[in-house]
K.L.:
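Below you will find the structure I want to go over with you.
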Amino acid sequence: MPEHIVEIQALSPLLFRDGRPFASSEGSETKALSLPLPLPSTLAGLVRTQAGLAQGLNFADRAALQNLHGLPVYGPLLTRGDAFFFPAPRDALVYRDKDGLPKVMRLQPYRLEQGGCDLPPGLLPLRVAQDQKPEKGYDWWSGQEMVNWLLGKDWVPKTRVHLPEEHRLHVVIDPATGRAKEGLLYGVTYRSLEAYRLRARVNLEGPLEPIGYLGGERRPVRLYLCEGLSEHWFDCPPSVKEAFANFDPQRALIRLVLATPALFEDGWKPGWLNKSGELHLPRGLAKVKLRLVAAAVGRREPVSGWSLRNQQAKAVRWMVPAGSVYFFELLEGQASAVLESWLRPVSDEEQDRKDGFGLALWGVGNYAD
């Protein structure tokens with residue numbers, strides 16, 4: 001099927017539940033908090049629903065649902081105008097120097113000369129050059145800032161990208177009487193993304209129903225099919241291709257940064273590391289053999305949802321958060337082969353890849369001096 005870029009515009013503040021329990025209790029206020037962006041599976045569900053509506057499919061038809069479930073949707077990517085923004089990589093530490101100016105410190109794998117650490121066997125710690133307090137507010141990097149970081153170039157943070165929030169306080173309504181229940185209040189934190197857009201790369205034949213509902217409380221969004229691919233997607237830059245063409249496996253490392261959360265068989269690390277050369281691996285990874293030497297991985301995050309086909313809640317699974325970074329030594333193959341999965345999913349299971357989990361950004365790295 002041909003590929004298209006789908007752009008999603010929020011028409012009101014959106015709610016993407018973060019998996020925490022949310023229940024009312026007598027005399028207390030509860031809060032529903034929102035993730036910054038929808039999970040890949042949430043966005044994939046929206047696009048598949050809009051494709052099914054445009055085709056006039058019967059959602060009670062299990063065969064139709066199975067076909068929709070297999071539709072690959074790669075996203076979301078955050079944009080504002082023509083600029084892309086990515087979650088900050090976890091091998092970077094933004095801090096303020098003695099003059100109060102923001103700086104970025106690079107965390108690099110460090111070969112221990114003596115002693116040891118409690119990391120899993122074969123993994124090296126990441127060296128922090130100096131003890132600094134992390135500066136808040138630099139959770140999102142522009143595309144150019146990310147490319148500079150992937151190439152090992154330093155850059156100076158200039159602006160903070162803040163995804164606006166909207167806080168609302170509600171009362172609980174008794175469905176029997178239609179009146180407010182005394183003493184029962186709850187708060188909701190929404191994401192006000194009207195100034196931004198979400199984009200996804202989709203294998204699609206036919207149109208999409210233009211108005212849909214995304215996230216909690218069925219909040220409205222508008223969907224557009226963009227004309228052209230490269231004009232509306234963050235393709236691998238020539239500078240990154242050049243760096244991989246000149247890659248020296250004796251001196252350099254390959255770096256993987258997750259642009260969206262990933263799901264791996266081995267929990268925090270990819271299961272495909274031990275399956276070199278096998279079929280059904282993420283694109284390009286069957287052509288190389290990599291050895292994991294270090295990682296900067298955030299705290300695990302839950303993902304669940306509702307199965308329309310099975311009419312029941314999905315079991316909770318644990319994701320590696322976006323921005324997590326992995327450092328690899330190249331043992332066999334050409335380093336440039338991994339670029340086949342540039343902003344393509346590198347999760348272990350095929351369906352998770354079709355849902356957009358684990359979009360990959362590739363760069364080069366080095367050991368700490």
K.L.:
Measuring from Asp355:CG to Thr42:OG1, what's the distance to the nearest 0.5 Å?
P.N.:
9.5 Å

K.L.:
About how many Å separate OG of Ser324 and CZ of Arg299, when rounded to the nearest 0.5 Å?
P.N.:
12.5 Å

K.L.:
Before you tell me yes or no, could you show the steps for Asp82 and Arg197 under salt bridge (charged side-chain N to carboxylate O under 4.0 Å, His left out), namely the whole-Å CA-CA distance, both residues' side-chain angles and the distance that decides it to 0.1 Å?
P.N.:
CA-CA 10 Å; Asp82 295 329; Arg197 300 290 186 271; over 6 Å; no

K.L.:
What I want to find out is whether Arg353 reaches Asp348 closely enough, with some N-O distance under 4.0 Å, to be called a salt bridge.
P.N.:
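No, this pair does not count.
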
K.L.:
If you look at every heavy atom in Ser304 and Val316, which pair is closest and at what distance?
P.N.:
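Heavy-atom minimum between the residues: CB-CG2, 4.2 Å.
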
K.L.:
Run the numbers on Val6 and Cys226 for side-chain contact (heavy atoms from CB on, under 4.5 Å), then give the verdict.
P.N.:
CA-CA 6 Å; Val6 177; Cys226 301; over 6 Å; no

K.L.:
For the CG atom on Asp131, are there more than 12 heavy atoms of other groups (residues, nucleotides or ligands in this structure) within a distance under 6.0 Å?
P.N.:
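Not more than 12 within 6.0 Å, no.
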
K.L.:
Apply side chain to side chain donor-acceptor pair (under 3.5 Å) to Tyr138 and Glu145, showing your working.
P.N.:
CA-CA 12 Å; Tyr138 294 95; Glu145 290 169 341; over 6 Å; no

K.L.:
Can you name the closest pair of heavy atoms from Leu281 and Ala286 and give their distance?
P.N.:
CD1-CA, 4.0 Å

K.L.:
Do Leu46 and Leu39 share a hydrophobic cluster, counting only Ile, Leu, Val, Met, Phe, Trp and Tyr and linking them when any side-chain heavy atoms are less than 4.5 Å apart?
P.N.:
yes

K.L.:
Decide whether Val288 and Leu292 are clustered together by the hydrophobic rule: side chain heavy atoms of Ile, Leu, Val, Met, Phe, Trp, Tyr closer than 4.5 Å, transitively.
P.N.:
yes

K.L.:
Just one of His232, Glu7, Gln9 clears the side chain to side chain donor-acceptor pair (under 3.5 Å) bar with Tyr224, so which one?
P.N.:
Gln9

K.L.:
Could you check if a side-chain atom of His170 sits within less than 4.5 angstrom of a side-chain atom of Val188, using non-hydrogen atoms only?
P.N.:
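Side chain of His170 against side chain of Val188, heavy atoms only: contact under 4.5 Å found.
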
K.L.:
Are Glu3 and Arg344 close enough for a salt bridge, meaning some N to O gap below 4.0 Å?
P.N.:
yes

K.L.:
If you round to the nearest 0.5 Å, how far is OG of Ser347 from CG of Leu258?
P.N.:
8.0 Å

K.L.:
Does His69 offer a backbone N or O that forms a donor-acceptor pair with the side chain of Gln351 under 3.5 Å?
P.N.:
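Present.
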
K.L.:
What heavy-atom pair brings Ala51 and Leu204 nearest, and what distance separates the two atoms?
P.N.:
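Shortest heavy-atom separation between Ala51 and Leu204 comes out as CB-CD1, 4.0 Å.
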
K.L.:
Please determine whether the number of non-hydrogen atoms from other residues, nucleotides or ligands lying under 6.0 Å from atom OH of Tyr213 exceeds 12.
P.N.:
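Not more than 12 within 6.0 Å, no.
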
K.L.:
Is it true that a side-chain atom of Glu205 and a backbone atom of Pro2 form a donor plus acceptor pair closer than 3.5 Å?
P.N.:
no

K.L.:
Any donor and acceptor pair, going by atom type alone, linking the side chain of Arg48 with main-chain N or O of Leu43 inside 3.5 Å?
P.N.:
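Such a contact is absent between Arg48 side chain and Leu43 backbone.
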
K.L.:
Looking at Asp99, is its backbone amide N or carbonyl O close enough to the side chain of Asp97 to form a donor-acceptor pair, meaning the two atoms are under 3.5 Å apart?
P.N.:
yes

K.L.:
So does Glu227 have more than 12 non-hydrogen atoms from other groups sitting under 6.0 Å from CD?
P.N.:
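No, because the 6.0 Å sphere around CD of Glu227 holds 12 heavy atoms or fewer from other groups.
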
K.L.:
Is there a side-chain contact between Ser41 and Val303, using heavy atoms and a 4.5 Å cut-off?
P.N.:
yes

K.L.:
Taking atom types as modelled and ignoring hydrogens, do the side chains of Ser230 and Asp235 form a donor-acceptor contact shorter than 3.5 angstrom?
P.N.:
yes

K.L.:
Is there a side-chain contact between Phe328 and Trp362, using heavy atoms and a 4.5 Å cut-off?
P.N.:
yes

K.L.:
How about Asn58: does its CG atom have over 12 heavy atoms from other parts shown lying under 6.0 Å from it?
P.N.:
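Yes, the 6.0 Å shell around CG holds more than 12 heavy atoms from other groups.
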
K.L.:
Find out whether Tyr74 and Pro345 are in side-chain contact, i.e. whether some heavy atom of one side chain is under 4.5 Å from a heavy atom of the other.
P.N.:
yes

K.L.:
Considering all heavy atoms of both residues, which atom of Ala200 and which atom of Trp233 are nearest to each other, and what is their separation?
P.N.:
C-CZ3, 3.9 Å

K.L.:
For Val338 and Leu256, what are the C-alpha separation, side-chain angles and deciding distance, and is it a side-chain contact (heavy atoms from CB on, under 4.5 Å)?
P.N.:
CA-CA 10 Å; Val338 302; Leu256 164 63; over 6 Å; no

K.L.:
Would you say Glu340 has more than 12 foreign heavy atoms packed within less than 6.0 Å of its CD?
P.N.:
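Atom CD in Glu340 is packed in, count exceeds 12.
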
K.L.:
Could you tell me if the side chain of Ile254 sits less than 4.5 Å from the side chain of Leu290, heavy atoms only?
P.N.:
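They are in side-chain contact.
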
K.L.:
What's the spacing between Lys181 NZ and Asp174 CG if we round to 0.5 Å?
P.N.:
5.0 Å

K.L.:
Determine whether Thr260 and Phe86 make a side-chain contact, defined as any pair of heavy atoms from C-beta on separated by less than 4.5 Å.
P.N.:
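Contact flag for Thr260/Phe86 side chains = no.
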
K.L.:
Dump the intermediate steps for side chain to side chain donor-acceptor pair (under 3.5 Å) on Gln132 and Gln130, then the final yes or no.
P.N.:
CA-CA 6 Å; Gln132 294 288 349; Gln130 51 185 305; 2.9 Å; yes

K.L.:
In the single-linkage hydrophobic clustering (I, L, V, M, F, W, Y; side-chain heavy atoms under 4.5 Å), do Leu253 and Leu331 co-cluster?
P.N.:
no

K.L.:
Kindly indicate, with the supporting measurements, whether the criterion salt bridge (charged side-chain N to carboxylate O under 4.0 Å, His left out) is fulfilled by Lys103 and Asp154.
P.N.:
CA-CA 9 Å; Lys103 301 288 184 180; Asp154 293 328; over 6 Å; no

K.L.:
Using distance only, find each side-chain donor-acceptor pair of residues 261-268 under 3.5 Å and give its atom names and separation, not counting sequence neighbours.
P.N.:
{"from": "Glu265", "atom 1": "OE1", "to": "Lys275", "atom 2": "NZ", "distance (Å)": "3.0"}
{"from": "Glu265", "atom 1": "OE2", "to": "Lys275", "atom 2": "NZ", "distance (Å)": "3.1"}

K.L.:
Less than 4.5 Å apart, any side-chain heavy atom of Arg317 and any of Pro302?
P.N.:
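The answer is no; the side chains never approach within 4.5 Å.
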
K.L.:
Checking side-chain contact (heavy atoms from CB on, under 4.5 Å) for the pair Leu78/Leu198: CA distance, chi angles, key distance, verdict?
P.N.:
CA-CA 5 Å; Leu78 180 68; Leu198 303 176; 4.0 Å; yes

K.L.:
Decide whether Phe357 and Phe234 are clustered together by the hydrophobic rule: side chain heavy atoms of Ile, Leu, Val, Met, Phe, Trp, Tyr closer than 4.5 Å, transitively.
P.N.:
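Phe357 and Phe234: separate clusters.
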
K.L.:
Step by step, work out the side-chain contact (heavy atoms from CB on, under 4.5 Å) result for Val147 and Ser239.
P.N.:
CA-CA 8 Å; Val147 170; Ser239 56; 3.8 Å; yes

K.L.:
Count the heavy atoms belonging to other residues, nucleotides or ligands that lie under 6.0 Å from CG of Asp369, then report whether that count exceeds 12.
P.N.:
no

K.L.:
Any idea which heavy atoms bring Ile211 and Gln50 closest together, and the distance?
P.N.:
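Scanning both residues completely, I find the closest heavy atoms to be O-NE2, 2.9 Å.
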
K.L.:
Quick one: closest heavy-atom pair of Ala296 and Leu126, and the distance?
P.N.:
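Closest approach of Ala296 to Leu126: CB-CD1, 3.5 Å.
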
K.L.:
If hydrophobic clusters are built from ILVMFWY residues whose side chains come within less than 4.5 Å, do Trp149 and Leu361 share one?
P.N.:
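Trp149 and Leu361: separate clusters.
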
K.L.:
Would you say Arg127 and Tyr367 make side-chain contact, with heavy atoms under 4.5 Å?
P.N.:
no

K.L.:
Can you tell me how far the CZ atom of Arg90 sits from the OH atom of Tyr326, to the nearest 0.5 Å?
P.N.:
10.5 Å

K.L.:
Could you tell me the separation between the CG atom of Leu193 and the CG atom of Leu11, rounded to the nearest 0.5 Å?
P.N.:
11.5 Å

K.L.:
Aromatic rings Tyr196 and Phe85: how do their planes relate, parallel, tilted or perpendicular, breaks at 30° and 60°?
P.N.:
perpendicular

K.L.:
Between Ser341 and Gly284, is there a donor-acceptor pair closer than 3.5 Å when you use the side chain of the first and the backbone of the second?
P.N.:
no

K.L.:
Do Arg291 and Phe327 meet the cation-pi criteria used here (NZ or CZ under 6.0 Å from the six-membered ring centre, within 45° of the axis)?
P.N.:
no

K.L.:
Among His167, Glu166, Arg168, find the residue that satisfies the side chain to side chain donor-acceptor pair (under 3.5 Å) test when tested with Thr189.
P.N.:
His167

K.L.:
Has the side chain of Ser34 got a donor or acceptor atom that lies under 3.5 Å from a matching backbone atom of Phe16?
P.N.:
yes

